[in-house]
Amino acid sequence: MRAPQFIYTTTFRWALTVTAVLAMFVAVLFGFIYWKTEEYLIARSDSVLAGTLNIIAATPEERRLIAINQHLKEDSRSLQHAGLFDPEGRRIGGNLEQMPPELKLNDTVQSVPIVKMLPDGGQTNCVIRAIARRMPNGNVLVIGREVDEANKISHVVGLAVTLGLVPAFFLCLIAGAWLSVRAQKRIEEINQRVQRIIAGDLSERLPYRSVDEPLSKLAIIVNGMLDKMETMIHALAGVGNDIAHDVRTPLTRARLTLERGRTNATTLEQLQAVADKSIVGIDQALTIVTALLRLAEIENSRRSAGFGEVALDEMLDEVCDIYEPIAENKNIVLHVEATHRITVRGDRDLLIEAVANLVDNAIKFTPEGGKVSVELLRGEGAVIMRVTDTGGGISAQERDAVQRRFYRSDKIRNTPGVGLGLNLVTAIVKLHGFRLTIFSGPGCRVEIACPDAPGWTQAAPASPRPEKLTHPSDAVVASS
Amino acid sequence: MMAFVSGKHTASAVGRPGIVSKLAVVEGRPMTKLLLIEDDSETAEEITAELADCGFEVVWAANGIEGLDRARSLRPDAMIVDRLLPGMDGLTVIEALRKDQVRTPVLVLSALGAVDDRVRGLRMGGDDYLTKPFAFVELIARIEALLRRPAESRERILRAGPLELDLIERTVKRGERVIDLLPREFRLLEYMMQRCDQLLTRAMLLEEVWNYKFVPATNLVDVHMGRLRHKVDGPGDTPMIHSVRGTGFILRTGQKI
């Protein structure tokens, strides 16, 4: 036979333990009350006995027997004992048949066993409290009393304990069982929901009752996590579709070209043209895949092994040196202002890639005759690399979208490489713990802020013209 | 954008010059022997066929252990090693060879884009790394570069045809005409003069001259090369810097090959 499941739950076991401890406390308490009460009653009865003895002893010798009989007659429950014995121990009067052998004379009240004569002629052993004193004439006076109150009290206490504790114990057991069954039910409910989530129902959430209950609190926390994950998974699925679409387009073109070429090409030159066209299509698809892999590589890598001191001023100079001819070809002025020597901890190759991407973008989206500036500034608590151009800029709408992970604007998706370029920059910036801010409005302004940390040093004195940097509320921080 | 122009027809259509094997055949030297360690037989077949067309003798090994044996017994002039191999990882094969003091130049192929520290070490050793998928032109250009690795030269002046480049003075002359170059252009020309009559792909130039580990969206190399060409090939001069469509550039010394 198997015991019900709830017996094995911690809730039930705790209830059981608490009940046992409680029962123990109650028993000890009742015991203490019993002990104290008995002590008090006996003390009182003892003082009464001593008083009675004194009174009877004080009565004249001839009236002493009458006083004893009077004293015994007043006792309706026949709990009192008294006896008068001659110096040889023979009984003169009272209801004691003989002098209790263990009773010491002229002492305090003490417990002694006696043989009690019953009214029906039988006799029984019992213990009484008694006191004895030798009278001036040599007789011995004994006064005693049965102390059965103590027994009665113990009986009452026992009854009270039984009446109180046993139902309480069962009540605790029931409460424990109920609590554990309830907890089990909730766990089972949660389990069912979780199973549904595992099975793919991402909109499922855990049940909760009130905000203050621990299990509900936990459920709310988990629900928050599930919300985040659902959004991310949907975003990822969206990205998957985008990628599939982007990769499929050039592949479709290549396939069609090959298929048509196979049928129609009659000369070697025609076939070569077909092959060239197909290769271009495949290359396009491969470029997208390569960029995505690179993105994943940077996002997944937590490597800081390649980290070292990077001189930002030199790095910006170098990037601009590389892009100078390209800007010049487009009749764009590329202006660099990085006069202060500032170093940060980072991966030089990746940082160059990030800045190069930003400069590349700026040049690409700036019309002829425009200007692209690259600046290195000391901001409040951060070093800032700023790329500004005089191009069309990013609209507020689009800027919000850029913040979304993997987002690629329809406008820029068809420009090769660019769509993922900004994501790449974001990933690199994030890896370094820096912050990327894109400002909207005409003339795009993008900033990479490298927060001051113990890891970086500034060799040159602070900027002679300190740049006060305010982060407008409309700026979007595309990291962390 | 990478250009994966491949296929011998396209290549011969633009008159792919500077192929080592052709030199080898003309000069009557023994054929250049290459060892290919690659587990995918189809890829291996394609690579072997292409390299054979270019006049290389190719030995194929399908796994790392066999590859190591062949490398020790055949002593090839250069090796092409796939990184992920059954039995023994490609980089382990190379490490084992280096321990034996075999200094054969190696080109590592890999489907992994990630350039980790082991590969960085490899690059420092003068060997090269190519990510799959690659264009055959790129592969051959790199093998050629490995085979014709410029010798450690103590000379302060590099010469290529009428060009003279002084490494100490940082000056360049074409005949009597002094050419004024920016530092970056100087480095580019220096690199090209060390490898004249050799096809240099855009990726190679980006890695070696600009130290770029990624392919930028804008065609940086073409713009810079355009400026250098403008300065080197003045009006009336025989053009020395030639572009190979969709692939890269060659500095021709004007000698008949």
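In what follows, chains carry the letters A, B, and so on, assigned in the order in which the sequence lines appear, proteins first and then strands, with residues in each chain numbered from 1.
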The criterion is salt bridge (Lys or Arg N to Asp or Glu O under 4.0 Å); which residues satisfy it with B:Glu42, sequence neighbours excluded?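 Residues passing salt bridge (Lys or Arg N to Asp or Glu O under 4.0 Å) with B:Glu42: none at all.
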Answer yes or no: is there a donor N or O on one side and an acceptor on the other, between the side chain of B:His224 and the main chain of A:Ile322, under 3.5 Å?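 Yes; at least one donor-acceptor contact below 3.5 Å.
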Nearest 0.5 angstrom please: B:Phe134 CZ to A:Leu286 CG, how far?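 Reported value, rounded in 0.5 Å steps: 12.0 Å.
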Can you confirm whether [X] is buried at [atom1], in the sense that more than 12 heavy atoms of other residues, nucleotides or ligands lie under 6.0 Å from that atom?
X        : atom1 : result
A:Lys330 : NZ    : yes
B:Asp180 : CG    : no
B:His230 : NE2   : no

Is any side-chain heavy atom of A:Asn329 closer than 4.5 Å to a side-chain heavy atom of B:Arg227?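 Answer yes - side chains close enough.
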